[in-house]
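Below: the structure, in structure tokens.
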Amino acid sequence: MELLRPSVGADPCQVRAISGATAALADDGVLETSAVVVAAVAGTAGVGKTSLVVAAGHLAAQLGYVDAFLFIDLRGYDTAPVLPAQALDALLRSLGVEDAHIPPTLEERASLYRSQLEAMAVSGSTVLVIADNASTPQQVRPLLPGNDSHRLLVTSRHTLPTLGARLLDLDVLTPSSALRLLDIALRIADPDDMRAVLQEVDALAVAHLCGHLPLALVIAAALLIDDPQQHFGELAAELARTRSPLDHLDDGERALRSSLDLSFQSLTEPQADSFRRLALNPGPDISTTDAALLLERDDRETRALLAALARAHLLVRGVVRDRWHMLDLIRAYAQELADWYSTTTDVYRRVQHLLFDHRVATVKAADEHLTAFPGQPVPQVFAGEQQALDWLDAERTNLLATVEAAHLLGYHNLARRLPPLLAEYLERGRYIDEWVAAATTALASARILSIRRGEAAAWICLGAALDGARRFQEATEAHRQALIISQEIKDRELEGVALSNLGCALLELGAYAEAAEVHRRDLAICQEINDLSGEGKARHNLGNVMRNLRRFDEALYNHQLDLEICRSLGDGRGERAAWQCLGTVLSEVRRFDEAIDVLERALALCVATEDRFAEADALTDLGIVFFKTRRYEEAAETHRKVRAIYEEFDDAHGVSCALGNLGRALTGLGEFEAALDAHRRSLRICQEADDRLGEAGTWCNIGVTHSAAGRFPEAIEAHLHDLALCLQAEDRSREGAAWNGLGIAYTGAGRFDEAIEAHMRDIAICRETEDQYGEGLTWNDLGAPLAASGKYDEAAQAHRHAIGLFRRTNALYEEGEAFAGLAAALASEGHDRGEVLAAWEASAAAFTTAGADPEAAASRGAAAAV
């Protein structure tokens, strides 16, 4: 509408001077022009160019911008387009010129046309000329009005850069606009037809399958109008089911395929061949470099051909230079042509395989950059790790699509090789679902090939992806399959990798004893084949298992050896992980100052390598240490940082865990409402992800917060939710923890018999799962309801059980708490003051050894009171 205004002032980029028009700067610096303003509206077939310019023309007339219309369809894409002389003949007739007065030549007709328009301008009339469906600038130039009072709008499927016009390229509609178009079309036919509104989700699906292209949407609406009982969901299913939606987008009068045929027929043979070949790329877009492989041309020729297709609106330039994509329906059309053409030649299959081979080779080079140690030789394909990552980011969707296409096309060797090469990148970027899908496809191809080593490698890749997805039971089965095959073919290296991954999955499942044995076997293999890097990983994994078994000396020993190995190899990421694990073990033995120092070293390495996900991991452990040392403000701030990082990765599980840790810190601060808000947000994430065990853990956190706030009925309700989910998942370890949390809440509510029963259930589960530390915690918690119900002797015995278990599991701080509980129970029962004093002194001694000075001082004060 700005361009159709009777007098227009705009900057030089917005207005083109045509036919010798002059321009000058006014006093205020704004460009004044006497140019004839021409707008060329371009876009793909069916995007709504004609509808737009006609609507704009009617609005311009309503606003008084123009007094008359001239409309000519140049049929630029028909087999017999309208010639300029023919167009001028029709326009002159529309201006009222009699047949006898229309001259024979193009130049004479153009002169008469301009003189007629000049006369109208002198009389005060403004004309809008709409030249629809032009294919070349040559069709349009003779139609330019000669007076700046008039306006010319041109529509074309090609961008016309040499016309000197303001270029307006139309994109497809937004989803909301596409939905509105469907709704309007249905209600024009029947004002009571509210299907688009009432079936909005399915209507949006139809719009998506129509590529949000107006012509396709109008055809879809016509199909629905023809069948008033049809649900949008049915049409969406039909469009999705067919190999090409173009088969259904035909209402008898209009067919999208026919419209696209006209665009395709206007291409030169090299352009047509390029259009077909581009459909061989399985991904959503393509780089100029990859397109050159398909087109078998150099970059300069390729770029020229792609630009020609973009001008024809059969291809779209990407936001980033040298990247290109097709609209979905145009892509479907191109694939039809490519499929038909490939039946007559093997050229297309050859160039597609060439593209796939290139992608595998480039991914291999990128992976070597990602996994190389400092100073290790890397391929010169990339200048460095960051450039490799940038390429992987740009090509990720294409590479994953290549995996699927290679499998479907029978290129099984390609399909099985690509996902393991992408594993490091996909894990770092947290593209876990995509990793699982690609690894599943790789396994299917490997099994078709019946190459046992390849199948073992595919099982390893799938198992690692399932680990990343926290599907540990499935991951364990995958790793066991890899182990069986690697042992069968006597491949010790693969056997070690399978054992390493299996042990990590078993650790997550709480099978600590089996995990320890598996990692020892991996360690032996690494030492046997002189795999120093593998030995470091085995030490790392074994240290993690020992920490969970509370054998802290062994854990520290293995992590220290891992650290030495990583530093000797220059393995910065391994070193970071080793420091982090050392810090976690140091915090378990309450050497908190050392733990914080070590974790900060790990954090610094993460920041130095710009590894944001590892940074979140290190910050999490640091925040937990702050929580243990009652530095709740620092803990809360640290976990907020963790949440922000996971939000960057769109990692829902990470965000949920960060919110859980934040909620615990806020509980420590006494900010119970804020803590509950964090836990409830965590709960929603777990429920949306159908993460039952995560949901159970969050209910446990909610219960703990309610108990801390003295809201015991709410705490009981939360722990019952936790328990129900653990029973449903048949997770015995978590079930035991749920019973213990429930017992604590029952005690707070004064329901001592129920509390005792709950704690005894947890003790039975701890014995079943050989969790001595957990059993010690529960015996200690059991002392409270026993003492509260007057069973002081049993309470004292419960604390003694706890003390014995804590000594066996090297839990000095918890031993101090158990001795304090024993002293209180003995005092309540009226035992000899010497026994009470001895218990308090033992408590102080345990706390002192554990480095818990405030607790030690409190126990010494109690002993003095005795």
Side-chain angles (χ1 to χ4, degrees), residues 42-47 49 76-79 81 133 135-136 156-161 169-172 211 213 215-216 243-247 249 255-318 321-356 398 401-402 405 409:
T44 191
V47 82
K49 301 178 293 296
Y77 297 90
D78 288 1
T79 52
N133 211 10
S135 59
T136 66
S156 178
R157 297 185 185 188
H158 280 74
T159 300
L160 304 175
D169 273 11
L170 299 190
D171 200 352
V172 295
L213 190 67
L215 176 59
R243 188 172 182 276
S244 171
L246 298 172
D247 293 335
L249 293 174
L256 185 59
R257 184 183 282 107
S258 299
S259 185
L260 292 172
D261 283 340
L262 292 175
S263 293
F264 180 72
Q265 289 161 12
S266 72
L267 300 178
T268 65
E269 180 49 38
Q271 292 168 359
D273 181 57
S274 299
F275 180 66
R276 290 190 296 262
R277 290 189 183 212
L278 289 173
L280 303 174
N281 171 44
D285 72 344
I286 193 167
S287 67
T288 300
T289 301
D290 281 4
L293 289 170
L294 288 176
L295 274 54
E296 297 185 284
R297 297 175 184 270
D298 63 28
D299 279 359
R300 185 187 62 78
E301 292 177 303
T302 298
R303 194 174 285 110
L305 285 165
L306 297 178
L309 292 173
R311 287 194 297 274
H313 289 86
L314 292 172
L315 193 64
V316 181
R317 291 179 185 271
R321 188 171 187 269
D322 274 335
R323 295 203 74 84
W324 316 77
H325 68 273
M326 289 180 180
L327 299 178
D328 290 345
L329 291 175
I330 293 178
R331 179 180 177 78
Y333 176 74
Q335 286 174 329
E336 284 185 5
L337 296 176
D339 288 347
W340 177 85
Y341 194 79
S342 64
T343 60
T344 63
T345 177
D346 63 352
V347 171
Y348 281 13
R349 187 172 179 86
R350 176 178 56 78
V351 296
Q352 187 176 51
H353 203 291
L354 188 68
L355 173 65
F356 289 5
N398 286 323
T402 299
L409 293 167

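Computation of the quantities below employed the complete heavy-atom set of this structure, encompassing side-chain atoms and omitting hydrogens, waters and symmetry-equivalent molecules.
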Problem - Beyond-backbone contact of Val351 with Leu293, side-chain heavy atoms, under 4.5 angstrom - result: no
Handout entry: Side-chain (Ser156) to main-chain (His158) donor-acceptor, under 3.5 angstrom
Key = yes
Practice task
Check Leu260 against Ala45 and note the closest heavy-atom contact, atom names and distance.
Solution key: CD2-CB, 4.1 Å
Exercise for the section: Could you tell me whether the side chain of Trp324 reaches within less than 4.5 Å of the side chain of Leu278, counting heavy atoms only? Expected result: no
Problem - Side-chain touch Glu301/Ser274, heavy atoms, less than 4.5 angstrom - result: no
Problem - Minimum side-chain heavy-atom gap Leu329-Thr44 below 4.5 Å - result: no
Problem - Worked check of side chain to side chain contact (heavy atoms under 4.5 Å, CB included) between Leu315 and Ile330 - result: CA-CA 8 Å; Leu315 193 64; Ile330 293 178; over 6 Å; no
Fill in the blank from the handout: Here the pair of heavy atoms bringing Arg297 nearest to Pro270 is NH2-CB, 3.9 Å
Exercise for the section: Would you name the heavy atoms of Ser259 and Arg157 that are closest together and state the gap between them? Expected result: O-NH1, 2.6 Å
Practice task
May I have the step-by-step check of side chain to side chain contact (heavy atoms under 4.5 Å, CB included) for Arg276 and Trp340, ending in yes or no?
Solution key: CA-CA 10 Å; Arg276 290 190 296 262; Trp340 177 85; over 6 Å; no
Exercise for the section: Working to the nearest 0.5 Å, report the span between CG of Leu327 and OH of Tyr333. Expected result: 14.5 Å
Practice task
Kindly indicate whether the side chain of Asn398, heavy atoms from C-beta on, has any atom under 4.5 Å from the side chain of Pro284.
Solution key: yes
Fill in the blank from the handout: On a heavy-atom basis, the closest approach of Leu213 and Gly46 is CG-O, 3.6 Å
Practice task
First locate atom CG of Asp285, then atom CZ of Arg317, and finally report the distance between them rounded to the nearest 0.5 Å.
Solution key: 14.5 Å
Problem - Close side-chain approach of Tyr77 and Gln265, heavy atoms under 4.5 Å - result: no
Practice task
Report the C-alpha distance between Ile286 and Leu294 in whole Å, list the side-chain angles of each, state the deciding distance to 0.1 Å, and finish with yes or no for side chain to side chain contact (heavy atoms under 4.5 Å, CB included).
Solution key: CA-CA 10 Å; Ile286 193 167; Leu294 288 176; 3.7 Å; yes
Exercise for the section: Side-chain contact test, heavy atoms from C-beta onward, threshold under 4.5 Å: evaluate it for Asp290 versus Leu355 and give yes or no. Expected result: yes
Exercise for the section: I would like to know whether Val47 and Leu215 meet side chain to side chain contact (heavy atoms under 4.5 Å, CB included); could you show each step before the answer? Expected result: CA-CA 6 Å; Val47 82; Leu215 176 59; over 6 Å; no
Exercise for the section: Work out which heavy atom in Ala279 is nearest to a heavy atom in Ala338; give both atom names and the distance. Expected result: CB-CB, 4.2 Å
Exercise for the section: Would you mind checking if Arg331 and Asp328 are paired as a salt bridge, meaning a charged N to carboxylate O distance below 4.0 Å? Expected result: no
Exercise for the section: Return each pair, listed once, that meets ring pair (Phe, Tyr, Trp, His ring centres under 6.0 Å) where at least one residue sits in residues 272-315; pairs must be two or more places apart or across chains. Expected result: Phe264-Phe275
Exercise for the section: Taking the side chain as every heavy atom from C-beta outward, state whether Leu305 and Gln271 have any atom pair closer than 4.5 Å. Expected result: yes
Practice task
Hey, could you give me the CG/CG distance between Leu306 and Leu314, rounded to the nearest 0.5 Å?
Solution key: 12.0 Å
